[in-house]
Each structure stands twice: as C-alpha cells, then as structure tokens.
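Comments concern the structure below.
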Amino acid sequence: MRLYVAVAAGGFRRHATYRMATAAGVFTNTVFGFILAYTYMALWDQRPHLGGYDMAEALAYVWIGQALLATAGLMGGGFEEELIERIRTGDIAIDLYRPVDLQLWWFSANLGRAAFHLLGRGVVPMAVGALVFDLALPSSLLTWPAFLLSVALGVTVSFAVWYLVALSAFWLMDGAGTAQVAWLAGLFFSGMLLPLTVFPGTLGEVARALPWASMLQVPADVFLEKRTGWGLVQAYAFQSGWAVALLAAGRALQSAATRRVVVQGG
C-alpha cells in the first residue's frame with residue numbers, strides 16, 4: 001500500500017511541475033466559466049427554476065463544472081493516452097510482468113493527478129466565480145466534506161471508464177476512436193453543458209442513470225444540498241455501484257489482456 005501512496009504522490013508532483021499549463025488551464029476554465037455563466041443567466045431569466053435550480057444555484061453549477069472539468073477528467077484524464085501508447089508500442093508487456101497491480105498503479109497515479117487539478121485548476125475559477133456572481137453556497141459546513149467524498153467517488157468512476165477505454169487498445173490497436181466516443185459522452189452525459197435535470201423524459205432518465213452522471217451532476221447536487229439525508233446515501237450508493245462495476249470490468253479486461261500478452265509472448 002505504501003508503494004501506491006508514493007505513486008499517487010508522484011502523480012501529484014508530476015502535474016505540479018507543469019506550471020504554465022496549469023496557469024493556462026485556470027485561465028481557460030475561468031473564461032469558459034464566464035461564457036457559460038452569462039449563457040445560463042439568459043436562459044434562467046426566461047425559465048426561472050429550470051431543472052429545479054434557481055439562478056444562484058445554476059450559476060454555482062457552472063463554476064462547479066469548471067472546477068471538476070479537469071479533476072474528474074470529463075474530457076479525458078490524460079493517463080489513458082499514455083497507457084494506450086504503451087499498449088500500442090508493446091511496452092505494456094513490461095508493466096504486466098512487474099510485481100505490481102496494473103490497475104491500482106494507474107488508479108493511484110490518477111488520484112494524484114485529480115488532487116492536483118482540484119487544487120490547481122479548481123479552486124481559483126470557483127473563487128473568481130464566487131466573487132463576480134451571486135452563487136449558492138452550502139449552508140452547512142458538513143456539506144463540504146460530503147461534497148469532497150462525492151468528488152472522490154466521481155473521480156474513481158471516471159478513472160474506471162477511461163481505464164476501459166485505454167484497455168480497448170489491446171484489441172483495436174488504436175484507442176483514438178474509443179477515446180473520442182468517451183470524450184463526447186463525458187461532455188454530454190456528465191451534465192457539463194446543461195444539468196441533467198433539464199433533460200426531458202426518457203433521455204433525462206437515461207442520462208441520470210449513466211456513469212457519467214457520477215462525475216459532475218451528483219457532486220454538484222451534493223454541493224447544492226439537493227442530496228441530503230437518505231438522498232445523500234443514495235447518491236453515494238449510485239456512485240459506488242458504478243465504481244465497483246466498472247473497476248470489476250476493467251479487472252476482467254485486464255486479465256484477458258494479460259492472457260493475450262502471455263500467449264503472444266509464448
């Protein structure tokens with residue numbers, strides 16, 4: 001376990017070295033936050049309480065989305081590109097023969113990445129949004145740790161999705177197509193463009209039941225105290241269920257890939 005803690009710390013330090021990239025990310029998230037905020041203001045002026053949010057809650061949702069965009073890897077966590085490349089070049093064979101768990105290794109590194117982006121690219125845009133706009137903030141101090149736990153579960157689900165995407169390269173030889181589909185799904189079904197509660201009818205029900213809802217919609221609702229008491233327990237259960245199911249799928253795919261490498265190597 002000490003090894004994986006060190007890997008997570010290494011992932012944090014690795015991303016902390018890219019200071020200019022972090023500054024550019026903060027700037028980009030802030031600019032897009034303003035664009036979305038004013039778009040939401042125009043929309044909510046016409047449709048007050050759309051999706052069950054008032055104006056202040058809708059604006060808070062915008063900035064939560066900007067804070068979690070890189071943290072939860074809604075458009076890709078970055079690690080999948082490196083893993084796909086290692087599979088494509090065959091370097092993954094070395095990783096599979098190492099006395100470490102491949103999935104846990106990459107999960108630990110991704111946790112370090114997510115922790116850095118939450119602090120490095122999440123706090124500043126959220127603070128800027130709170131200074132400029134009237135945002136709905138938690139009324140209870142207990143909401144903050146509840147929100148962070150929901151974010152951690154969302155990051156876990158995100159990793160599990162992108163890990164499956166990366167492992168698909170064992171059979172497709174190029175994960176670019178799968179990654180593009182996952183990128184589009186994450187952008188749309190996480191609630192990044194609009195809260196999933198706005199989606200009508202069956203589309204909304206399906207969108208809220210998919211794993212991408214765990215990455216933004218659920219944490220945002222926890223922050224906005226839409227999920228309290230038993231509703232909070234249900235939110236955690238939803239996220240945990242997807243995390244367990246997808247991690248198990250990744251474990252199964254990893255085992256199949258390992259057998260494939262061993263057979264080809266033999």
Side-chain angles (χ1 to χ4, degrees), residues 1 3-19 21-26 28-30 32-33 61 63-84 100-127 144-167 179 182-183 185-187 189-192 211-223 235-236 238-247 250:
M1 183 57 67
L3 170 64
Y4 299 111
V5 172
V7 171
F12 186 98
R13 289 194 300 269
R14 176 184 179 184
H15 287 272
T17 60
Y18 301 116
R19 297 178 181 177
T22 300
V26 169
T28 302
N29 287 143
T30 303
F32 275 98
Y61 184 95
W63 293 100
I64 294 169
Q66 293 307 305
L68 296 185
L69 178 60
T71 302
L74 300 181
M75 300 168 65
F79 82 91
E80 72 281 352
E81 295 179 2
E82 183 178 352
L83 183 52
I84 288 172
V100 295
D101 184 87
L102 185 69
Q103 187 183 55
L104 193 52
W105 175 282
W106 286 101
F107 177 62
S108 300
N110 188 64
L111 279 182
R113 178 207 61 80
F116 172 76
H117 282 311
L118 181 61
L119 297 174
R121 289 183 59 175
V123 173
V124 174
M126 187 71 182
W144 290 98
F147 169 67
L148 290 177
L149 177 56
S150 184
V151 169
L153 290 171
V155 168
T156 302
V157 173
S158 174
F159 164 80
V161 169
W162 287 108
Y163 190 68
L164 286 169
V165 169
L167 291 187
W183 181 87
L187 186 65
F189 288 114
S190 66
M192 186 65 208
W212 291 280
S214 298
M215 304 175 196
L216 173 56
Q217 182 67 57
V218 174
D221 281 343
V222 171
F223 182 91
Y236 289 155
F238 174 77
Q239 291 179 294
S240 299
W242 271 118
V244 170
L246 293 171
L247 288 173

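Checking side-chain atoms of Q239 against main-chain N and O of S214 turns up a donor-acceptor pair under 3.5 Å. Under a 3.5 Å cut-off, the side chain of T22 and the backbone N or O of Y18 do form a donor-acceptor pair. Side chain of S150 to main chain of A146: no donor-acceptor pair is present (N/O by atom type, distance under 3.5 Å, no hydrogens or angles). Of the possible donor and acceptor atoms, none in the side chain of Q66 sits under 3.5 Å from a partner among the backbone N and O of F32.
The distance from the CD atom of E80 to the CG atom of N110 is 8.5 Å, given to the nearest 0.5 Å. Expressed to the nearest 0.5 Å, how far CD of Q217 lies from CG of L68 amounts to 11.5 Å. Considering OG of S190 and CG of L69, their distance stands at 8.5 Å, rounded to 0.5 Å. One distance of note links CG of L118 with CZ of F12; it measures 9.5 Å at 0.5 Å rounding. Here the CG atom belonging to L167 is positioned 9.0 Å from the CD1 atom belonging to I84, to the nearest 0.5 angstrom. The CG atom of L148 sits 10.0 Å away from atom CZ of F223, with the distance rounded to the nearest 0.5 Å.
Closest heavy-atom contact between H117 and A70: CG-CB, 3.9 Å. Nearest heavy atoms, V155 versus T71: CG2-O, 3.7 Å. Summarising the geometry of L104 relative to D101, their closest heavy-atom pair is N-OD2, 2.7 Å, with the distance given to 0.1 Å. Nearest approach of V157 to A243, heavy atoms of both residues: CG2-N, 3.8 Å. Of all non-hydrogen atoms in W105 and V100, the two that sit nearest each other are CE3-CG2, 4.2 Å. In terms of heavy atoms, G120 sits closest to V26 at O-CG2, 3.1 Å.
Looking at Y61 and L216, their side chains come closer than 4.5 Å, going by heavy atoms from C-beta outward. Side-chain contact between L74 and S158 is absent, with no heavy atoms from C-beta onward closer than 4.5 Å. Side-chain contact between T156 and L247 is present, with at least one heavy-atom pair separated by less than 4.5 Å.
Residue pairs meeting the salt bridge (charged side-chain N to carboxylate O under 4.0 Å, His left out) criterion with at least one member in residues 4-17, sequence neighbours excluded, are R14-E82.
For Y236, the OH atom sits in a packed shell: over 12 heavy atoms of surrounding residues, nucleotides or ligands are nearer than 6.0 Å.
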Legend entry - side-chain contact (heavy atoms from CB on, under 4.5 Å) assessment of V161 paired with W212: CA-CA 9 Å; V161 169; W212 291 280; 4.2 Å; yes
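Not counting sequence neighbours, the partners of F159 by the ring pair (Phe, Tyr, Trp, His ring centres under 6.0 Å) test are F79, F107, Y163. Applying the side chain to side chain contact (heavy atoms under 4.5 Å, CB included) criterion to V244, with sequence neighbours excluded, gives no partner residue.
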